[in-house]
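Worksheet: the structure to be examined is printed underneath.
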Amino acid sequence: HYYITNNLSMLTTEEEDKPDFQTPGVVNNPVGWGPISIPEQFRDIPYQPFSKSDNLGQITDWTGNLLERRYRNYNQQFGTGQHYSYFHEEDESSFQLVDSSKPQRSLYQRSRARYQRTRHQRPTQRVQDPKTGRMTVIPKYNNPMRRNNWNNRGHDNKSNVKLKSSVEVRKDWELQIEIEFSQIAKKYLNYPEKDITNLVECGTLEHYDKKYDRITTKAERPLTMTNRLFHYVSTTDDPIIRELAKEGHVFATDSILATIMTCPRSYYSWDIIIQRVGSRLFFDKRDDSDFDLLTVNETANELPGGDGGSNSLTKLSLEATYINQNFSQQCLKREAKTYKRPNPFANEEDDNEPSSVAYRYRKIPLLGPGAEPLTLICRCEVDAVTTSANGEEKYMNIKALNEWDLKGGASEWRQKLDTQRGDILTTEMKNNKCKLAKWTVSSILAGSDLLKFGYVTRSMPRSSGESIGHSILGTQEFIPKQFAAQISLDMNNAWGILRVIVDRCMQLKDGKYVLYKEPGKGILRIYKVPLNTFEEDNDDSDEEEEGK
């Protein structure tokens with residue numbers, strides 16, 4: 001009995017010594033989660049806001065040498081942090097302890113202060129007054145050198161090269177339409193390739209010699225001159241287009257259409273003659289124009305021809321055209337594919353044979369949403385034909401890229417073409433963006449399966465009496481549609497540009513017009529000209545030749 005009573009008393013004592021457990025209050029937040037009010041024990045405690053992107057660093061900084069630019073955005077958003085500043089509570093006017101010592105400046109602040117001091121200490125420029133003969137001081141903002149530097153900022157060497165206009169705009173020309181490149185940059189037209197039909201095919205095509213695909217910089221070949229004739233006949237002088245005049249509404253050649261469809265990439269000046277005859281449009285070119293000459297580095301940052309001489313714009317265009325003509329005929333075999341109709345421009349009285357070329361007159365529908373359907377008749381050119389591995393014949397256009405700027409007399413292509421061909425092609429895409437786009441559009445218009453490029457460079461003469469020669473360093477082959485995507489050429493946009501210009505010309509009255517691209521400006525102008533414009537110049541040139 002004693003044992004049980006003693007144990008019960010001990011249990012009672014232990015239970016009295018245990019602390020009481022009180023259930024904490026749980027606040028119900030029906031909107032979200034977390035507390036809905038500030039607890040009493042945490043009320044009125046100072047709190048400094050912070051950004052979640054801040055890094056953990058030192059607790060305090062007694063010197064104040066913080067990077068100003070690093071914490072500038074933080075101070076603008078969350079303030080300068082006055083919550084933990086010390087205030088004297090016993091004094092009636094509370095004050096804040098500040099550091100009265102001279103703060104240390106960062107390296108950026110010291111350099112800027114030094115620049116501000118020296119800028120005002122620079123000597124002023126003095127010039128001699130031509131009237132009084134005295135030396136006068138040029139004000140800072142009236143200094144012509146400062147004005148020129150300000151006006152020329154951001155400009156490249158294009159402003160130093162004087163670009164000539166392709167044609168002189170005469171006083172009797174009437175401006176009809178102005179089209180800025182920004183207006184046609186986003187015009188698109190879906191192009192149905194299946195609806196294209198070949199109306200006439202004529203000429204002679206030779207096969208491509210695949211030996212030229214094995215040319216390297218160590219096994220280069222000299223470029224030889226050909227004696228073949230190249231015909232650049234305008235649209236209205238083509239006898240086959242005259243036969244097909246009832247088949248369509250718009251008539252042009254592939255080179256003219258390529259120039260129009262790639263006009264936003266052009267920088268030089270060019271012009272095209274437009275003749276509106278009833279419901280038909282004829283896009284033509286002048287006989288005495290440089291329309292068929294190839295451009296060189298048209299879209300480069302530094303235009304050639306600034307120093308003149310052999311590297312002038314005219315001579316470089318002639319050289320590039322000469323290289324393309326000879327290369328397109330040199331890399332061919334004498335095995336020819338002859339069409340039923342011969343070359344329409346060949347003449348039996350000519351001493352030299354015509355070049356290897358096939359003319360394809362194609363019928364292309366020009367469709368547009370909500371617009372009247374039109375039919376385009378285009379004369380396209382194909383340079384050669386080749387045979388694939390499975391024996392299938394494929395049409396080919398052959399072009400040449402030429403290196404003309406030999407730095408220090410050394411060819412960069414000879415050093416890099418075999419190992420860094422992609423870099424060289426990328427540079428050509430940048431400097432000759434317009435020319436490459438024209439070649440690609442012409443190949444697509446002609447229905448060519450392949451586009452062959454040849455890399456040709458200058459060969460420096462061994463003696464002073466020799467002329468500059470050229471050498472073939474290699475070739476490269478592309479599919480036209482794939483190459484168009486590689487140079488960022490959108491064919492739907494190209495067809496949209498053509499459709500816009502055709503629609504604007506269809507609104508004109510019957511007569512003769514000139515589509516003019518001004519040099520260095522992104523704008524097209526259409527002028528109405530008298531019917532005898534450019535014919536008087538041709539008559540004068542014919543009389544001079546007869547007089548000679």
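What you are looking at is a predicted structure, and each value in this text was computed from that prediction instead of being measured.
In this structure the side chain of Thr314 reaches within 4.5 angstrom of the side chain of Lys164, judged on heavy atoms. Side chains of Thr457 and Trp404 form no contact here, defined as non-hydrogen atoms less than 4.5 Å apart. Between Pro304 and Asn311, the closest side-chain pair of non-hydrogen atoms is not below 4.5 Å. You'll find the side chain of Thr440 reaches within 4.5 Å of the side chain of Ile487, heavy atoms only. Leu294 has its side chain within reach of Asn324: a pair of non-hydrogen atoms, C-beta onward, lies under 4.5 Å apart. The shortest distance between side-chain heavy atoms of Lys285 and Ile273 does not fall below 4.5 Å. Contact check for Phe483 versus Met429: side-chain heavy atoms found under the 4.5 Å cut-off. Residues Lys394 and Val385 form no side-chain contact, since every pair of their non-hydrogen atoms from C-beta on lies 4.5 Å or further apart.
Rounding to the nearest 0.5 angstrom, the gap separating the CG atom in Asp383 from the CG atom in Leu205 is 8.0 Å. With rounding to the nearest 0.5 angstrom, the CG atom of Asp290 is 8.5 Å from the CG atom of Asp288. To the nearest 0.5 angstrom, Leu401 atom CG is 9.5 Å from Phe327 atom CZ.
The backbone N or O of Leu451 sits nowhere less than 3.5 Å from a side-chain atom of Lys399 that would complete a donor-acceptor pair. One N or O on the side chain of Thr427 and one on the backbone of Asp423 form a donor-acceptor pair closer than 3.5 Å. Ser356 contributes a side-chain N or O that, together with a main-chain N or O of Glu206, makes up a donor-acceptor pair within less than 3.5 Å. Using modelled atom types, no side-chain atom of Thr253 and backbone atom of Thr235 make a donor-acceptor pair closer than 3.5 Å. Remark: the backbone N or O of Tyr395 is paired with a side-chain donor or acceptor of Asp449 at under 3.5 angstrom. Listed for the Lys517 side chain is a donor-acceptor partner under 3.5 Å among the backbone atoms of Lys521. In this structure, Gln176 contributes its side chain and Lys528 its backbone to no donor-acceptor pair below 3.5 Å. Side chain of Asn493 to backbone of Ala185: a donor-acceptor contact under 3.5 angstrom is found. A donor-acceptor pair is defined here as one N or O able to donate and one able to accept, closer than 3.5 Å; no such pair exists between the side chain of Asp209 and the backbone of Lys333. A distance-only check finds a donor-acceptor pair linking the side chain of His249 to the backbone of Thr375 [under 3.5 Å].
Here Phe283 and Tyr513 keep their ring centres 6.0 angstrom or further from each other. If you look at Tyr359 and Phe345, their ring centroids are closer than 6.0 Å. In this structure, Tyr455 has its ring center under 6.0 Å from that of Trp413.
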Any chance you could lay out the side chain to side chain donor-acceptor pair (under 3.5 Å) test for Asp418 and Thr216, step after step, and finish with the verdict? CA-CA 7 Å; Asp418 292 341; Thr216 61; 4.6 Å; no
Audit row: Ser269, Ser166, side chain to side chain donor-acceptor pair (under 3.5 Å) steps and yes/no: CA-CA 5 Å; Ser269 177; Ser166 62; 3.1 Å; yes
Evaluate the criterion side chain to side chain contact (heavy atoms under 4.5 Å, CB included) for residue pair Asn190 and Trp495; output intermediate values, then yes/no. CA-CA 8 Å; Asn190 294 329; Trp495 285 109; over 6 Å; no
Report the C-alpha separation of Val529 and Asp172 in whole Å, then their side-chain angles, then the decisive distance to 0.1 Å, and conclude whether the side chain to side chain contact (heavy atoms under 4.5 Å, CB included) test is met. CA-CA 7 Å; Val529 299; Asp172 56 347; over 6 Å; no
Could you walk me through whether Tyr361 and Cys378 satisfy the side chain to side chain contact (heavy atoms under 4.5 Å, CB included) test, starting with their C-alpha distance in whole Å, then the side-chain angles of each, then the deciding distance to 0.1 Å, before giving a yes or no? CA-CA 6 Å; Tyr361 295 83; Cys378 177; over 6 Å; no
Stepwise side chain to side chain donor-acceptor pair (under 3.5 Å) test for Glu403 and Ser411: CA-CA 8 Å; Glu403 182 188 25; Ser411 172; 2.6 Å; yes
Applying side chain to side chain contact (heavy atoms under 4.5 Å, CB included), run through Val502 and Leu281 and close with a yes or a no. CA-CA 8 Å; Val502 169; Leu281 278 178; 4.3 Å; yes
I'd like to know whether Ser459 forms a side chain to side chain donor-acceptor pair (under 3.5 Å) with Ser471, so could you lay out the CA-CA distance, the side-chain angles of the two residues, the decisive distance to 0.1 Å, and finally the verdict. CA-CA 6 Å; Ser459 299; Ser471 299; 2.5 Å; yes
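Note on Asp213 versus Lys452: salt bridge recorded, some NZ/NE/NH1/NH2 to OD/OE distance being below 4.0 Å. Taking 4.0 Å as the cut-off between side-chain N and carboxylate O, Glu178 and Arg525 count as a salt-bridged pair. Asp238 and Arg379 are joined by a salt bridge, as a carboxylate oxygen and a charged side-chain nitrogen come within less than 4.0 angstrom of each other. Between Asp271 and Arg286, at least one side-chain N (NZ, or NE/NH1/NH2) sits under 4.0 Å from a carboxylate O, which counts as a salt bridge.
Counting only residues at least two apart or on different chains, no salt bridge (charged side-chain N to carboxylate O under 4.0 Å, His left out) pair has a member in residues 424-447.
Of all non-hydrogen atoms in Ala437 and Leu489, the two that sit nearest each other are O-CD2, 4.0 Å. Closest of all the heavy-atom pairs between Glu298 and Thr295 is OE1-OG1, 3.2 Å. Nearest heavy atoms, Leu473 versus Glu220: CD2-OE1, 3.2 Å. Between Asn198 and Arg362, the closest heavy-atom pair is OD1-NE, 2.8 Å. In terms of heavy atoms, Gln415 sits closest to Thr419 at O-OG1, 4.2 Å. The minimum heavy-atom distance between Thr299 and Arg265, with the atom names listed, is CG2-O, 3.5 Å.
Remark: Ser234 pairs with Asp237, Asp284 by the side-chain hydrogen bond (donor to acceptor under 3.5 Å, both in side chains) rule, at least two apart or across chains. Partners of His470 according to the side-chain contact (heavy atoms from CB on, under 4.5 Å) rule, which considers only residues two or more places apart in sequence or in another chain, are Leu223, Glu319, Tyr322, Ile323, Val456, Arg458.
Below 30°, between 30° and 60°, or above 60°: for Tyr516 and Tyr527 the angle between ring planes is between 30° and 60°, a tilted geometry. Relative orientation of the Phe282 and Phe251 rings is parallel, given thresholds of 30° and 60° on the angle between their planes.
Residues Ser448 and Asn397 have side chains that bring a donor and an acceptor to within less than 3.5 angstrom of each other.
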